[in-house]
Chemist: 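Attaching a single structure in structure tokens format; questions to follow.
Values below: every heavy atom of this structure, side chains too, minus hydrogens, waters and symmetry copies. Just so you know, residue 1 is the first one in the sequence shown, and it goes up from there.
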Amino acid sequence: MPEPNTKEFSDFFSSHDLFSRKIGYKMISGSPGTSEYEIEVDESFWNPVGIVHGGALFAAMDSSAGAAMAAWIKSSGLNYTFMATASAEIKYRKSLTRGKIRVYTEIQEQKRSVVRLISKSLDENGELIAELLSVWVVKSER
């Protein structure tokens, strides 16, 4: 995996996130403990009531958290061999029907093998759409 804070890191991470191609979100940047993603939504993302489906937001936010984790692990020098979302709580703040959404993620706390992150989705006007509070676990080589 390339070094964080480079276009190569973003390209590598995006090319290995096969699910992102199906949904259409992409990584903009990734540095140790932070990342930025973008997704452009239109009516093809609507749920039955005519707003963007929450699952699309959740997927982009969870992947953004994964990129922040991967960049942090790569730069930490530690021998972590596994990472995964252990739990996640999403809070939807505003509905949306179309436009570009930016997702910003950062690590809030790390204690031993548990890492807490927050991801925020913002619309084109910078208004908060959703927040994802996630807990990740990491495993190191023994």
Side-chain angles (χ1 to χ4, degrees), residues 1-42 44-49 51-142:
M1 182 180 302
E3 291 299 315
N5 294 324
T6 64
K7 182 179 182 327
E8 291 78 20
F9 178 83
S10 295
D11 291 346
F12 176 87
F13 203 82
S14 294
S15 70
H16 286 77
D17 185 358
L18 304 180
F19 185 67
S20 70
R21 292 188 216 159
K22 293 217 177 261
I23 302 294
Y25 53 84
K26 62 183 178 181
M27 184 177 189
I28 303 300
S29 65
S31 59
T34 67
S35 72
E36 181 179 348
Y37 268 58
E38 181 178 85
I39 182 171
E40 188 157 357
V41 295
D42 58 23
S44 67
F45 287 83
W46 288 0
N47 63 21
V49 297
I51 59 174
V52 172
H53 193 288
L57 286 174
F58 180 87
M61 295 170 86
D62 187 55
S63 287
S64 180
M69 287 291 297
W72 172 72
I73 288 171
K74 174 71 176 171
S75 68
S76 73
L78 301 172
N79 267 342
Y80 290 123
T81 58
F82 174 81
M83 66 175 195
T85 309
S87 66
E89 176 187 1
I90 193 163
K91 296 177 181 181
Y92 298 102
R93 305 293 188 190
K94 175 185 169 186
S95 62
L96 190 69
T97 57
R98 57 181 36 88
K100 283 189 181 178
I101 299 169
R102 285 286 176 133
V103 178
Y104 301 94
T105 298
E106 67 179 333
I107 291 176
Q108 297 290 295
E109 177 183 41
Q110 185 260 326
K111 290 184 179 176
R112 295 194 279 300
S113 63
V114 176
V115 183
R116 297 179 191 286
L117 298 96
I118 186 165
S119 302
K120 295 183 179 186
S121 291
L122 306 176
D123 67 14
E124 292 173 305
N125 298 318
E127 293 183 34
L128 184 65
I129 301 167
E131 293 176 290
L132 178 70
L133 308 170
S134 57
V135 176
W136 286 63
V137 293
V138 292
K139 181 180 175 186
S140 60
E141 286 184 359
R142 296 220 177 235

Chemist: Before giving the answer on side chain to side chain contact (heavy atoms under 4.5 Å, CB included), spell out for D17 and F19 the whole-Å C-alpha distance, their side-chain angles and the decisive distance to 0.1 Å.
Modeler: CA-CA 6 Å; D17 185 358; F19 185 67; 4.0 Å; yes

Chemist: Check whether S64 reaches the backbone of A60 with its side chain - one donor and one acceptor, N or O, closer than 3.5 Å.
Modeler: no

Chemist: Could you tell me the separation between the NZ atom of K26 and the OG atom of S10, rounded to the nearest 0.5 Å?
Modeler: 11.0 Å

Chemist: A side-chain contact here means heavy atoms from C-beta on lying under 4.5 Å apart; do F45 and I39 qualify?
Modeler: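 They are in contact (side-chain heavy atoms under 4.5 Å apart), so the answer is yes.
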
Chemist: What's the shortest heavy-atom distance between P4 and P32, and which atoms?
Modeler: CB-CD, 3.8 Å

Chemist: Inspect the contact between E38 and R102 and indicate whether a charged nitrogen and a carboxylate oxygen are less than 4.0 angstrom apart.
Modeler: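 Answer for the salt bridge query: yes.
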
Chemist: Report yes or no: does Y37 contribute a side-chain atom to a donor-acceptor pair with the main-chain N or O of I28 at less than 3.5 Å?
Modeler: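 Checked: no pair found.
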
Chemist: Does N125 use its side chain to pair, donor to acceptor, with the backbone of E127 at less than 3.5 Å?
Modeler: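 No, N125 side chain to E127 backbone: no donor-acceptor pair under 3.5 Å.
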
Chemist: Answer yes if the side chains of D62 and T85 hold a donor-acceptor pair under 3.5 Å, and no otherwise.
Modeler: yes

Chemist: When you compare the side chains of S140 and N79, does any donor N or O come within less than 3.5 Å of an acceptor on the partner?
Modeler: no

Chemist: State, with a plain yes or no, whether a side-chain heavy atom of I107 is found less than 4.5 Å away from one of M69.
Modeler: yes

Chemist: Does the side chain of L122 come within less than 4.5 Å of I129's, by heavy atoms?
Modeler: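 Of all side-chain heavy-atom pairs linking L122 with I129, none is under 4.5 Å.
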
Chemist: If we ignore hydrogens and angles and just use 3.5 Å, is the side chain of S76 paired with the main-chain N or O of I73 as donor and acceptor?
Modeler: yes

Chemist: Check the pair V115, V135 against side chain to side chain contact (heavy atoms under 4.5 Å, CB included), reporting the backbone distance first and the verdict last.
Modeler: CA-CA 6 Å; V115 183; V135 176; over 6 Å; no

Chemist: Looking at R116 and K111, would you say the former's side chain and the latter's main chain have a donor-acceptor pair under 3.5 Å?
Modeler: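 No, R116 side chain to K111 backbone: no donor-acceptor pair under 3.5 Å.
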
Chemist: Go through it in stages, so that I can follow the logic: the residues are V103 and S121, the test is side chain to side chain contact (heavy atoms under 4.5 Å, CB included), and I'd like the CA-CA distance, side-chain angles, deciding distance and then a yes or no.
Modeler: CA-CA 4 Å; V103 178; S121 291; 3.6 Å; yes

Chemist: How many angstroms lie between NZ in K120 and CE in M61, if you round to the nearest 0.5 Å?
Modeler: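 One gets 9.5 Å once the value is rounded to the nearest 0.5 Å.
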
Chemist: Could you tell me if the side chain of I118 sits less than 4.5 Å from the side chain of E106, heavy atoms only?
Modeler: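 Answer yes - side chains close enough.
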
Chemist: How many angstroms lie between atom CD of E36 and atom OG of S119, to the nearest 0.5 angstrom?
Modeler: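 So the CD of E36 and the OG of S119 are separated by 12.0 Å.
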
Chemist: Is the closest side-chain donor-acceptor distance between Y25 and S63 under 3.5 Å?
Modeler: yes

Chemist: Any non-hydrogen side-chain atom of L96 less than 4.5 Å from a side-chain atom of W46?
Modeler: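 Of all side-chain heavy-atom pairs linking W46 with L96, none is under 4.5 Å.
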
Chemist: Would you check, one step at a time, whether the test ring pair (Phe, Tyr, Trp, His ring centres under 6.0 Å) holds for W72 with Y80?
Modeler: CA-CA 10 Å; W72 172 72; Y80 290 123; 5.6 Å; yes

Chemist: Would you check if the side chain of Q110 reaches a backbone N or O of R112 as a donor-acceptor pair within less than 3.5 Å?
Modeler: yes

Chemist: Output the distance between atom OG (S44) and atom NE2 (H53), rounded to the nearest 0.5 Å.
Modeler: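 Here the rounded value is 12.5 Å.
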
Chemist: Does K74 NZ have over 12 foreign heavy atoms under 6.0 Å away?
Modeler: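 More than 12 within 6.0 Å, yes.
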
Chemist: Got T105 and T34 here, is their nearest side-chain heavy-atom distance under 4.5 Å?
Modeler: no

Chemist: If every non-hydrogen atom of S35 is compared with every non-hydrogen atom of A65, which pair is closest and at what distance?
Modeler: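 Distance-wise, the nearest heavy atoms are OG-N, 4.4 Å.
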
Chemist: With a 4.5 Å heavy-atom cut-off, do W136 and L117 have their side chains touching?
Modeler: yes

Chemist: Considering non-hydrogen atoms only, spot the tightest contact between F58 and A88 and give its length.
Modeler: CE1-CB, 3.8 Å

Chemist: Take atom NZ in K100; do more than 12 heavy atoms of anything else shown fall under 6.0 Å from it?
Modeler: no

Chemist: Just verifying a value: how many Å separate K139 NZ and M83 CE, rounded to the nearest 0.5 Å?
Modeler: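 Going from NZ on K139 over to CE on M83, the span is 15.0 Å.
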
Chemist: Looking only at non-hydrogen atoms, find the nearest pair between K91 and R93 and report the distance.
Modeler: CD-NH2, 3.3 Å

Chemist: Any heavy-atom pair between the side chains of F9 and M27 that's under 4.5 Å?
Modeler: yes

